[in-house]
There are 2 protein chains.
Amino acid sequence: MERAAVTARTSPESARDIPEATVARLPVYLRALVTLSEQGTATCSSEELAVAAGVNSAKLRKDLSYLGSYGTRGVGYDVDYLRYQIAREIGVTQDWPVVIVGIGNLGQALANYSGFRSRGFRVVALLDADPARHDAVVAGIDVRPFADLERIAREHSVAIGVIATPAVAAQDVADRMVACGITSILNFAPTVLNVPAEVDVRKVDLSIELQILAYHEQRKTNGAQNGAQDGAREGAQTA
Amino acid sequence: MERAAVTARTSPESARDIPEATVARLPVYLRALVTLSEQGTATCSSEELAVAAGVNSAKLRKDLSYLGSYGTRGVGYDVDYLRYQIAREIGVTQDWPVVIVGIGNLGQALANYSGFRSRGFRVVALLDADPARHDAVVAGIDVRPFADLERIAREHSVAIGVIATPAVAAQDVADRMVACGITSILNFAPTVLNVPAEVDVRKVDLSIELQILAYHEQRKTNGAQNGAQDGAREGAQTA
DNA sequence: CTCGGTTTGTTCTCGCGTTCACAAACTCCT
DNA sequence: AGGAGTTTGTGAACGCGAGAACAAACCGAG
């Protein structure tokens, strides 16, 4: 993992240390470029792209500058060219194999998500620990026993796993994934995963997002008057 | 900071400016406290809670200090007391009514998510523009026409809406939500929403999360050599 | 009461990310 | 060819968040 000094300049243009905040925005730019391309737009300015991506144009330009100089001053960016460059930088010029574990409501929704294949990913297996689900076919893919994980991960060189199980099972699934060589995990289960440092985990948590909204919503509605909810909010001094 | 004179108040000035980064972590702490409470833990130190929440203990203490002084030096935090204080600060001591628009695979999964009610939210309506879905009952709730949004939003004083439609419909849905007085939107559609400044939008985007993972994954596997993607020219060293 | 051990709350410092502002570079028109 | 008008790429200032470190506060033992 120590590629600190080995950041060789083998590839001509690729920038070496892209800030994390920029990495998180590149997919947004990529999607905006795809949309522009489908609309027949050949070139766009940083201002146009920034509006389409919902960000500040100065931030956009700085983000793109980490990848290299792919624009033309006085003109803008070639949509298809920039789109390819960002896709290459992210690493989605061809598909990554992905396994989904936990084929409940959410897992089925994910399996049916059409954006997978069009955006650089391919679902190679659906796994579930519950034998009652093993007969099902979801999104054209057989649901297999969780025990098949190791074989499938090996056969397809799977590096990315998605966890859509209940919270109690998530840590076990993660452990097995790590043991099978998976080094990137997208976790939909509402729990904190414990994994080795070299494994990347991103979490998507519905209730956390809603609670963040609730916090701000409370501030808004309390601006004029406390309430809308109820009045039983006095400082209940327990203990 | 001993602002005891102020912290005794109820809502008005209890904690004015909580950093956004802290707000985003409060729900994580809340969940960890609920788990600890269910396990029968009465008190915990910042270190224990930090481990359970997956963060640094110094960060945890600083976050909690924005809410007030709810701990006891030399002892730690009373689990149930702190849990209540965080829930109150977030605003989930009672349920927020929520509408879900777009009852496809994802919308159904969200409607069935049991974490809603237990974490401060109550689904009051499921709406879909497709008449073919209007006969369905999902999670015990009738799927209604999208046109019912205004009536339902008014009757239930709905402030939070969830968009689970295809991307092309999302902006229209958002516009209608805003027109109905909804001021917080959780958007699962893969598109950028354009809303007035006073409306909060949070987006959850599967393919963006996966692409971020793919970027780091590419860096890991390309540790030594760059260009395993489009470059078969260079001997692919899969170390 | 005093003292030692423990844990919180807070201050300080540092690094990252955002934004402004502008020179460099390109096109188009005359 | 040259100048006017655009737009990119980037240096610099600024604000926020992360983490270390420490004084204050609390408990229990003697």
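A, B, ... follow the sequence lines: proteins, then strands. Residue 1 opens every chain.
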Which atom pairs, one a donor and one an acceptor, fall under 3.5 Å between side chains of residues 26-39 of chain A and the rest of the protein, sequence neighbours left out?
residue, atom, partner, partner atom, Å
A:Y29, OH, A:R25, NE, 3.4
A:Y29, OH, A:D63, OD2, 2.6
A:R31, NH1, B:D205, OD2, 2.3
A:R31, NH2, B:D205, OD1, 3.3
A:R31, NH2, B:D205, OD2, 3.2
A:R31, NH2, B:S207, OG, 2.6
A:T35, OG1, A:R31, O, 3.1
A:S37, OG, A:D80, OD1, 2.8

For nucleotides 20-28 of chain C, 5' to 3', base contacts (B), sugar-phosphate-only contacts (S) and non-contacts (-) with protein non-hydrogen atoms under 4.0 Å give BB-BBBBS-
Distance-only donor-acceptor hits, side chain of residues 191-202 of chain B, under 3.5 Å, sequence neighbours excluded:
residue, atom, partner, partner atom, Å
B:R202, NE, A:E209, OE1, 2.4
B:R202, NH2, A:E209, OE1, 3.1

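- Between A:Y66 atom OH and C:dC16 atom P the separation is 10 Å, expressed in whole Å.
- Side-chain N/O atoms of B:Y70 include none lying less than 4.0 angstrom from OP1 or OP2 on C:dT7.
- Among residues two or more places apart in sequence or in another chain, the side-chain contact (heavy atoms from CB on, under 4.5 Å) test is passed with A:V123 by A:I100, A:F116, A:L126, A:I141.
- Note: CD (B:Q85) to P (C:dG9) measures 12 Å, nearest angstrom.
- A straight line from CG of B:L60 to P of C:dT8 spans 8 Å, rounded to a whole angstrom.
- Residues that satisfy the side-chain hydrogen bond (donor to acceptor under 3.5 Å, both in side chains) test with B:R61, not counting sequence neighbours, are B:S46.
- Looking only at side-chain heavy atoms (C-beta outward), B:I182 and B:I160 stay at 4.5 Å or farther from each other.
- Counting to the nearest Å, the C1' atom of C:dT8 and the CG atom of B:L82 are 12 Å from each other.
- The distance from atom CG of A:D17 to atom P of C:dG17 is 11 Å, rounded to the nearest whole Å.
- Summarising the geometry, the separation between CG on B:D63 and P on C:dG9 is reported as 12 Å, rounded to the nearest angstrom.
- Counting to the nearest Å, the C1' atom of D:dG9 and the CG atom of A:L49 are 15 Å from each other.
- In the set D:dT10, D:dA18, C:dG17, C:dG17 carries the atom at the smallest distance from any side-chain atom of A:E20.
- Aromatic rings from A:Y70 and A:Y77 are positioned such that their centres are separated by 6.0 Å or more.
- Taking only side-chain atoms of A:K59, from C-beta outward, the nucleotide of D:dG17, C:dT19, C:dG17 with the closest atom is C:dT19.
- Residues satisfying the side-chain contact (heavy atoms from CB on, under 4.5 Å) criterion with A:R117, sequence neighbours excluded, are A:D95, A:R122.
- Taking side-chain N and O atoms only, B:Y77 has no distance below 4.0 Å to OP1 or OP2 of D:dC26.
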